Structures are given as C-alpha cells and as structure tokens.
Visitor: 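Structure below; questions to follow.
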Amino acid sequence: MKKNKILLSAFAFGLLTLSSCSKLDEKPESLLVTNQFYQNESQATAAVTAAYRKLYDSGQSLYNGLFQIGVEMATDDYEAGPRARNAHVRAISGLTHDSSNDRMEQLWKQSYDAINVSNIAIDKIALISAENISIQARAQLINEAKFLRALHYFNLVRWFGDVPLILKETISLDDESLYIAKSPEADIYAQIIKDLKDAEALPTPVQQAAKDLGRATAGSAKSLLSKVYLTQKDWANAAAKSKEVIDSKWYSLFDNFADVFNVATKNGREHIFSAQFQGNSGYQGNSLASRSASADVPGINGDYADALHTAGGLFASYANEDTRKAVTFVTQLVSPVDGKLYSFAPQFNKYYDPAVVGNQGQSSKNTPIIRYAEVLLIYAEALNEVNRGPNAEAYAAIDLVRQRARIAKLANVSPLLNENDFRDAVFQERRKELVYEYQRWFDLVRRGADYYIATLKAAGKTLAAKRHLHFPTPVREINLNPKLKQHPDWVGY
C-alpha cells in the first residue's frame with residue numbers, strides 16, 4: 001500500500017485531504033517531495049503557475065462555473081435553467097439552501113485548497129538559494145502568490161464572514177495544526193490589504209514580460225485593492241486607489257464592448273486580471289459558454305443550466321441602442337445542422353465561442369475577474385460617497401462606460417442626480433456592464449440586508465432573508481473541525 005500523501009485539497013476546513021490509505025503518517029512523504037521541489041527559479045515559476053490554475057482548473061472550479069452555480073444563482077439576475085438538475089444548485093436558486101449544500105462546501109474547500117498552494121509557494125520560494133533564483137524573480141513570484149491568496153480570502157470573507165486565517169503550509173497532522181478557529185472579518189481584511197500592498201510591487205502592465213501575459217501585475221493589485229476598500233465602505237481609499245489606476249494610463253476601454261469578450265483581444269487594454277481559458281488545447285475551456293448556450297438549437301449542444309431570471313427585469317432594463325445588450329444576450333441562433341433560424345427567450349451570450357459551435361465547453365473566451373470599466377465605476381461610486389453627491393469627476397467616470405455602450409451621458413440628465421440617485425445609477429450600470437462576470441451577488445449584499453431582501457422579493461424570490469447575506473459554514477467542515485462554529489445568522493437553519 002502506498003504511503004499517505006497530503007494533496008493540495010481539503011480536509012477539516014478545506015485544507016487537507018489524504019490518499020486512499022487509512023493510516024496517517026506523522027511526517028507525510030509529500031512534505032519531503034515539496035522540500036525537494038522548490039530548488040530553482042523554474043520550479044518556483046511552475047509552482048505559482050499551479051496556483052493560478054486553481055482559479056479555473058478542470059471540472060467545476062471556482063472561476064469556471066462554481067461561482068455561478070454556488071453564488072450568482074442566489075440573485076435576481078439568474079436562476080437554475082432547465083438542465084440544472086443538481087438539487088443543491090436549484091436550492092441556491094430558490095434560496096432554500098442550507099449548511100449541507102454541496103456547492104457551499106466546494107466554495108470553501110477549493111478556496112482553502114488554493115490558499116494552501118499560495119502559502120506553500122510564498123514560504124518555499126523565499127528559501128531558494130540566491131544562486132538558483134534571481135532577486136527579481138523571487139520577489140515577483142512571491143507577490144503573485146500573495147495576490148492570489150488575497151483574492152481567495154476576499155471571496156471567502158464576503159461569502160462566509162469570519163473564516164479561519166491560515167498563512168502557512170500545514171506540516172503537521174496534530175490537532176493544533178489541523179483545527180483552527182475562525183478569525184474576525186476585520187483580521188481577514190487586514191491580511192488581504194497587506195498582501196495586496198505587497199503585490200503592488202509587481203511589474204506594471206507596461207513592464208510585464210510577454211511570457212507573463214495573464215498573470216497579476218501592479219495594476220491588478222491596485223485595482224483589486226480599490227475594490228476591497230469599496231467593499232469595506234472606505235470610500236476615501238477606494239477613490240484614491242482607483243484614481244491611481246486611472247491616472248496611470250495603463251488601461252483604457254475597448255472602443256467596442258464586444259472586444260471585452262473576443263478571443264482575438266484577450267488580455268487587452270481593458271483587461272486587468274482574468275481567468276484564462278484555451279479550449280481544444282489540453283488546457284481548459286470556459287464552461288460558462290456551455291452552461292448558458294441553448295439546448296434546443298440542433299448542433300449547438302448547450303447545457304442551458306444558467307438561465308436569466310426574467311422576473312428580475314435585467315433584459316428589459318437595457319435601452320435598445322445599448323450595444324451591451326446584443327453582446328450579453330442572444331435570442332436567435334442559426335443551427336449548424338439544418339441551417340434554420342431558431343428564436344427563443346433571452347439567454348446569456350458573453351462566452352459563446354463561434355469557433356467551437358457544437359462544443360461550447362471548449363470556449364476560449366476568458367472570464368474577467370476585474371477590468372478597467374469596473375475601476376471607473378468604483379471611482380464614480382466612491383467619489384459620490386466621499387462628497388455626499390456626484391461631482392464632475394464622478395460623472396465623467398461613469399459616462400465613459402455609458403459612452404462606450406452608446407447610451408446617453410448621465411451628466412446630460414436634468415436635473416443632476418442627488419447622492420442616493422447617483423448611487424442607484426452606479427449600481428444599475430454595474431449590473432448591466434458586469435452581468436455574468438460574478439459580480440451581482442457581491443453588489444447586492446454590500447448594500448445591506450434591506451436592499452438585498454427587497455430586491456430579491458421584487459424579483460419573485462420571496463424567501464430572501466437576512467441570513468442570505470452570507471453563506472452558511474458547511475456542516476461537513478464543522479463536523480470535521482471542533483473549533484468551527486456556524487455563522488450566527490444560520491444557527492438553526
């Protein structure tokens with residue numbers, strides 16, 4: 001029988017899992033392998049590349065479908081489609097999920113799996129001898145891993161509230177190492193900010209080597225940091241950091257909204273950080289394309305598992321001249337089998353790849369995690385809050401996004417908007433600009449219980465309640481870790 005190996009997966013609260021052997025080794029073999037692996041720059045680079053793969057790896061991974069079915073289904077924009085047969089997914093869509101939901105469990109497990117990979121890279125790369133790695137490469141790789149760790153903790157703290165804060169590789173199977181209590185949200189956010197400030201030392205997009213395209217940069221760190229500040233309602237820092245990104249001139253909007261999602265323009269001037277997909281290459285296709293594609297058009301072979309929640313009013317909210325509408329949704333397709341035109345209710349279309357018509361699971365379109373249009377909207381929102389109403393700069397920022405969509409400037413609306421109306425306008429713009437990019441649930445939740453509940457109930461999801469501002473700590477993790485406690489809002493559910 002093989003000796004046990006600690007895999008980079010989940011045990012207890014999503015940290016460890018063991019191979020199929022019943023006896024636990026006190027010093028697992030894989031720890032020796034880990035120590036032997038981190039010997040030079042090439043191995044360090046491969047390790048951090050593996051950390052990136054945790055974002056969008058094969059199967060239902062975090063940024064390759066799990067976000068959508070585990071999070072976005074609990075909003076007014078989405079519902080489980082006809083082919084979303086998993087009872088756990090349908091429960092999230094109907095807001096009947098609880099702590100036994102397997103999608104909640106996967107969000108937790110995969111996030112901590114990814115964090116563990118980053119932790120190992122941060123610690124081990126620091127120990128590689130100076131003869132085997134350059135100073136510049138060491139710093140860059142460690143800061144990329146810190147960026148990724150910050151991103152995962154940012155997701156976890158928004159989903160679950162207080163969570164365990166783990167910053168080192170687990171190298172022991174004793175109770176003290178395995179069983180870690182939750183840390184307060186404030187401590188999680190402090191670590192996120194610290195990691196992102198370190199990651200600001202990464203090369204800028206201008207300095208980034210061509211071989212590193214798609215990896216995190218100083219611009220990625222600054223942009224995500226502005227979003228962290230925004231989520232914390234630290235308006236002044238959110239405004240200052242987003243302005244720093246804007247003033248850098250590293251990014252600009254594509255002239256055409258469609259280019260945000262075209263394969264030929266991937267990692268272009270608007271893309272700050274994206275989940276990277278490359279179908280039919282032995283790499284990984286974007287499953288969102290298949291999940292949203294029609295199942296009723298011969299030859300398309302879509303899953304139609306991610307459906308538009310029509311009662312939410314999203315489709316109707318777009319002006320007819322809004323160029324985002326035809327990119328975001330599709331209502332007609334020509335069958336590649338019989339050549340007929342098929343019409344249907346609006347379905348999501350951002351990731352549909354015409355190069356793989358009959359096999360959308362191999363879509364090569366990237367999923368934006370943060371892009372320049374969002375930075376402009378962060379700046380507009382933060383300025384409005386700082387100044388207790390919009391100023392000229394706030395209008396200019398949101399109007400760049402609206403102009404690209406070929407709709408009227410807000411600055412031309414008479415009378416000018418007050419603080420509350422401008423806030424609502426920014427959120428509406430975020431909804432239309434960033435739909436199907438894993439943003440809606442976070443936006444609804446950060447406006448508070450009253451807003452979330454009222455919005456969901458207006459869309460016909462009448463079971464919306466205060467507890468839905470977080471997800472429950474998975475019962476499996478609580479059962480495995482005696483130091484974990486359920487989120488207070490979910491006790492009894």
Side-chain angles (χ1 to χ4, degrees), residues 7-10 14 17 45-72 83-84 86 89 102-103 106-107 109-118 120-121 141 144-145 147-149 151-152 155 208 210-217 220 260-268 271-293 300-306 348-371 436-439:
L7 303 175
L8 302 175
S9 185
T17 190
T45 300
V48 176
T49 299
Y52 282 102
R53 286 295 297 262
K54 292 297 179 182
L55 296 170
Y56 42 77
D57 216 345
S58 59
Q60 212 168 74
S61 52
L62 288 165
Y63 283 92
N64 196 15
L66 184 57
F67 249 96
Q68 185 62 29
I69 62 178
V71 181
E72 294 294 270
R83 292 199 176 186
N86 186 305
V89 176
D102 68 357
R103 300 303 86 187
Q106 285 299 315
L107 289 169
K109 287 171 64 176
Q110 291 191 31
S111 295
Y112 276 109
D113 177 12
I115 286 167
N116 196 40
V117 175
S118 291
I120 294 171
L141 291 168
E144 285 182 31
F147 172 85
L148 293 170
R149 181 169 69 181
L151 175 62
H152 290 298
N155 292 335
Q208 187 179 45
K211 66 180 179 60
D212 292 334
L213 199 64
R215 299 171 82 99
T217 65
S220 310
V260 176
F261 304 97
N262 282 342
V263 173
T265 48
K266 290 200 302 187
N267 300 314
H271 300 122
I272 296 175
F273 189 68
S274 303
Q276 304 288 314
F277 296 104
Q278 186 63 53
N280 290 326
S281 64
Y283 191 54
Q284 182 62 47
N286 190 338
S287 70
L288 287 185
S290 178
R291 291 188 59 82
S292 59
I300 298 297
N301 303 319
D303 294 332
Y304 195 26
D306 296 340
F348 296 109
N349 192 55
K350 278 185 173 179
Y351 306 108
Y352 183 88
D353 187 347
V356 285
V357 171
N359 188 13
Q360 286 302 306
Q362 293 300 314
S363 170
S364 292
K365 293 191 174 185
N366 287 350
T367 298
I369 294 176
I370 190 164
R371 55 186 175 89
Y436 215 39
E437 296 178 46
Y438 305 141
Q439 302 287 347

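As the structure is a prediction and not an experimental result, all values here were calculated from the model.
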Visitor: Which heavy-atom pair separates P368 from V260 by the least distance, and what is that distance?
Guide: CG-CG1, 4.4 Å
Visitor: Rounded to the nearest 0.5 Å, how far does CG of D102 lie from NZ of K109?
Guide: 9.5 Å
Visitor: May I have all residue pairs that pass side-chain hydrogen bond (donor to acceptor under 3.5 Å, both in side chains) and include part of residues 350-362, sequence neighbours excluded?
Guide: K350-E437
Visitor: With a 3.5 Å distance limit and no angle check, can you tell me whether N262 reaches the backbone of A264 through a side-chain donor-acceptor pair?
Guide: no
Visitor: For the backbone of G268 and the side chain of H271, can you confirm whether one donor and one acceptor N or O come within less than 3.5 Å of each other?
Guide: yes
Visitor: Taking N349's backbone N and O only, do any of them form a donor-acceptor pair with S292's side chain (distance below 3.5 Å, no angle check)?
Guide: no
Visitor: Looking only at non-hydrogen atoms, find the nearest pair between V263 and K365 and report the distance.
Guide: CG2-CG, 3.8 Å
Visitor: Examine the side chains of Q68 and E72 and answer whether a donor and an acceptor come within less than 3.5 Å of each other.
Guide: no
Visitor: Taking all heavy atoms of Y52 and all of A216, pick out the closest pair and write down the distance.
Guide: OH-N, 2.9 Å
Visitor: Any heavy-atom pair between the side chains of L148 and L55 that's under 4.5 Å?
Guide: yes
Visitor: Closer than 3.5 angstrom, by distance alone: can the side chain of K266 be matched with the main-chain N or O of Q276 as a donor-acceptor pair?
Guide: no
Visitor: Keeping the roles fixed (side chain from Q60, backbone from S287), state whether a donor-acceptor pair exists under 3.5 Å.
Guide: no
Visitor: Can you find a pair of side-chain heavy atoms, one from D306 and one from Y436, that are under 4.5 Å apart?
Guide: yes
Visitor: Give the C-alpha distance, both sets of side-chain angles, the deciding distance and a yes or no for side chain to side chain contact (heavy atoms under 4.5 Å, CB included) between Y438 and L288.
Guide: CA-CA 11 Å; Y438 305 141; L288 287 185; 3.3 Å; yes
Visitor: Could you report the tightest heavy-atom contact between S274 and N366, atom names first, then the distance?
Guide: CB-CB, 4.1 Å
Visitor: So, taking the atom named CD in Q110 and the one named CG in L66, what distance separates them when rounded to the nearest 0.5 Å?
Guide: 5.0 Å
Visitor: Any sub-3.5 Å donor-acceptor pair from S220's side-chain atoms to I272's backbone N or O?
Guide: yes
Visitor: First locate atom OG of S290, then atom CD1 of I300, and finally report the distance between them rounded to the nearest 0.5 Å.
Guide: 11.0 Å
Visitor: For the backbone of K54 and the side chain of Y63, can you confirm whether one donor and one acceptor N or O come within less than 3.5 Å of each other?
Guide: no
Visitor: To the nearest 0.5 Å, what is the distance between CG (D212) and CG (L141)?
Guide: 8.5 Å
Visitor: For I69 versus R291, what's the shortest heavy-atom pair and its separation?
Guide: CG2-NH2, 2.6 Å
Visitor: Could you work out, with salt bridge (charged side-chain N to carboxylate O under 4.0 Å, His left out) as the rule, every residue matching D57, not counting sequence neighbours?
Guide: R53
Visitor: For a 4.5 angstrom cut-off between non-hydrogen side-chain atoms, does Y56 reach T367?
Guide: no
Visitor: Taking side chain to side chain contact (heavy atoms under 4.5 Å, CB included) as the definition, give me every residue that meets it alongside A145, ordered by chain and number, with sequence neighbours left out.
Guide: S118, A121, I122
Visitor: V48 and E144: which non-hydrogen atoms are nearest, and at how many Å?
Guide: CG1-OE1, 3.8 Å
Visitor: I want to check something: taking the side chain as every heavy atom from C-beta on, are Q106 and R103 in contact at a cut-off of under 4.5 Å?
Guide: yes
